[in-house]
Amino acid sequence: MHKLSIYNIYTIFIFGGLKYRHVDLSKKSGKRGKMGDFPESIHLRGKRVSFVIDTRGRTPSVLYWGKLLRQQSSTDVLPLLATRQEAKCAAVDEPPLSLTPTLGQGFTGTPGIELISDNQAWSTCGDIIHVEQENQHSALIKSLDKHRNILVVHYLNLDPQTDVLALSTEIVNQGDSQVVVNSCVAATLPLPASMTELTAFEGRWAQEFHRYSLSRFLGSFVRENRKGKTSHDSFPGLLVHEKHTSEIQGPCYGFHLGWSGNHKILCEQLSDGRAYVQLSELLLPGEVKLEANESYRSPTLYASFSDQGFNEMSANYHQYVRQHLLREHINKTPRPVHYNTWEGIYFDHDTATLAELAKKAAALGVERFVLDDGWFKGRRGDFAGLGDWVVDKAIYPEGLQPLIDQVLAQDLAFGIWFEPEMVNPDSDLYRAHPDWVLSTKGNKQLTYRNQLVLDLTRREVSEYLYQAIDAILAEYPDISYIKWDMNRDINHAGDGFGAPAIRQQTFAVYALIEKLRTAHPHVDIESCSSGGGRVDFGILAHTDRVWTSDSNDALDRLAIQRGCSYFFPSSIMGAHVGPKDCHITGRRVSIEMRAAVAMFGHMGIEMDPRDLDEHEQQVLADAIALHKKHRELIHSGGLVRLEGAENEVRFGIVSENKSKALYSYNLLAETLRYAPDKFNFVGLNPDVSYQLDLIWPSKVKEYSTSVLSVVDGQVFAGEALIEFGLQLPILDPQSALIFELTQIN
Ligand code: DGJ
């Protein structure tokens, strides 16, 4: 044991056989004591994961992040094992890859902070002055640059239940002169050499969460998002893994920035052999200026390691969302099946029609009616009305109550649409306050769905919105759901002073939602942004569900929902059965297939139910009943994404004790071979037996008599179902099968 020097030790605490000292070195005028006078490493332990921080150098760095290290000796020797020698024609002391690498320390990769001040903040580098480890799961490290009076604080948390790391970094200006923050990454996380593959996310409106893969290369892989919202096309997430990592095996790392504004993702390979990932808020020039004692804290990076493939990594994230982001009542209550009016009637509102839609929807088993865009003053199309959040007396002469009453009479809950952050120039609000929008001097606003973005950083604007929404909720206390939409990029993000304001705007949106949630805790809120334009852990901490995509095309939805599932559980993913001919893609997909896909999210329907023929009504009613029967499992079980051919999508949901499971097989296009491959029910318990039931669709259109007729209702050993698998039948393209597996011994 090292000798402890008395004067710099505040506390000594012991856990798991490890001795960690809680020290404050600021008392020593920034000078570190001899080796051994303070903790040399911090070991955060999860269930299956260790995260070890090296605190021996000037700045903290990640020593190890991977499988749980059980023995104290393992962490003790890591620094020795990690010793790097002087390389040829290189600095004698290699600048470390710290949590926040700095130019001040001579780091030649991408710095973790970029600052400007008249006190040389650009070359800052602190020294660790304070290390605090409250328990085995969280720590805080302070590093002070006493020459420039800049304090950097690292917040580190490894969630013991889910193994998800939550990391963020704060900069405090302790000097007198202003410090401009150009960037501050949430953390810099080194990658083992074997982690050569990147899987990133791309897409566009109505095609969110598509994955693409590439191998790491010398230099930087960079994705930057300046759309002022999370965006459809650049989801702030990244997977890094080995070549042979799959859904069910191999090591992988997941990274997600919980932030609904601009962001940057970077994965860099240095020529010295080291590689790392950084995620950060992307700040516009001059967006953050710190006066004396002001601070900037980065959004949180949620990172997850699994040595058993992507499914386990996703399971960690799913559990994290349920346990730490969603409100308790949301997890406890079954998610009601929705009817959303948008693709049924668009702006064509009228109480009698809407009441009829509610009646028809209720007959199908729907439980919540959501009145979409078009109910407020002047909103006869997308060209006017945004901002005027009062009921349009032209269509609702007696207000919304008559409609609400008729909806409630059908035993449906009532929800309503808002797009609070926006204003149409053709609105009373804009006519009264044309200066309330975000804009930049001398630049023409880009036209975008006829709407401009309100400057929520102005207190009077946020207050106006709060009052307007609160008044509707107060007048109609039966409203128990808000669909909160946001339908344009923020291209001209200048506030009233012309300063860039995406960061403050994002906080203002969070604050407004939170204020409303506090005043109306029974109102659930959905985050919608033309579909999946604002889906991230930041907004999810303030909302209860997301609208995954504007595309209700079941075939496209399979890929979108699958991509989304890497980070988000099915319970928060809005998934609707759309009209027969998809309004976005024009594709006609059978009602059986549409229902089979929507069933695995937070299910809803979005069409004109008056158009449904008898067969469609029956299928939809059956699907909704089936979803209700299994929604507890669907919304709380473990997702098992399975590999399959390119023309198909396979997955399962398995209960925690593996006694129940649903598996879904979706055929998108014709198979290349005469018959499809077998279906292996990975995720079941091999040691028990299961009854296998085909529960969807009720009638399968087959080419000739298939395996289905002989296996339905039979009992099989889990082992056989997993290892041997089930020969799938030859189906028409655009068909889906759902199997239920029930443990019988
Ligand atoms: C975009 C949303 O994603 C749609 O579901 C719908 O609410 C429209 N906006 C309404 O304008």
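Just so we're clear, the structure is a prediction, and the values are computed from it rather than from any experiment. Read the numbers this way: they start at 1 and go in the same order the structure lists the ligands and their atoms.
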If you take the centroid of each ring, where Trp contributes its six-membered ring, are Tyr476 and Phe414 closer together than 6.0 Å? no
Could you tell me whether Arg562 and Glu208 make a salt bridge, using a distance below 4.0 angstrom between a side-chain N and a carboxylate O? no
Between Asp524 and Arg327, does any NZ, NE, NH1 or NH2 come within less than 4.0 Å of an OD or OE carboxylate oxygen? yes
Residues that Phe507 engages under ring-ring contact (aromatic ring centres under 6.0 Å, His included), provided they are two or more places apart: Trp259
With sequence neighbours excluded, residues passing side-chain contact (heavy atoms from CB on, under 4.5 Å) with Leu540: Val321, Leu325, Leu326, Thr543, Val546, Phe568, Ile572
Got a sec, which residues hit side-chain contact (heavy atoms from CB on, under 4.5 Å) with Ile490, two or more places apart in sequence or on another chain?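 By the side-chain contact (heavy atoms from CB on, under 4.5 Å) rule, Ile490 matches Leu438, Val453, Met486, Ala493, Ile502, Gln505.
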What does the N/O contact table under 3.5 Å look like for ligand 1?
from     : atom 1 : to     : atom 2 : distance (Å)
ligand 1 : 3 (O)  : Gly531 : N      : 3.1
ligand 1 : 3 (O)  : Asp550 : OD1    : 2.4
ligand 1 : 3 (O)  : Asp550 : OD2    : 3.2
ligand 1 : 5 (O)  : Lys483 : NZ     : 2.7
ligand 1 : 7 (O)  : Asp372 : OD1    : 2.7
ligand 1 : 7 (O)  : Asp372 : OD2    : 3.2
ligand 1 : 7 (O)  : Trp417 : NE1    : 3.1
ligand 1 : 7 (O)  : Lys483 : NZ     : 3.0
ligand 1 : 7 (O)  : Asp485 : OD2    : 3.3
ligand 1 : 9 (N)  : Asp485 : OD2    : 2.7
ligand 1 : 9 (N)  : Asn487 : ND2    : 3.4
ligand 1 : 11 (O) : Asp373 : OD2    : 2.7
ligand 1 : 11 (O) : Arg449 : NH1    : 3.0
ligand 1 : 11 (O) : Arg449 : NH2    : 2.9

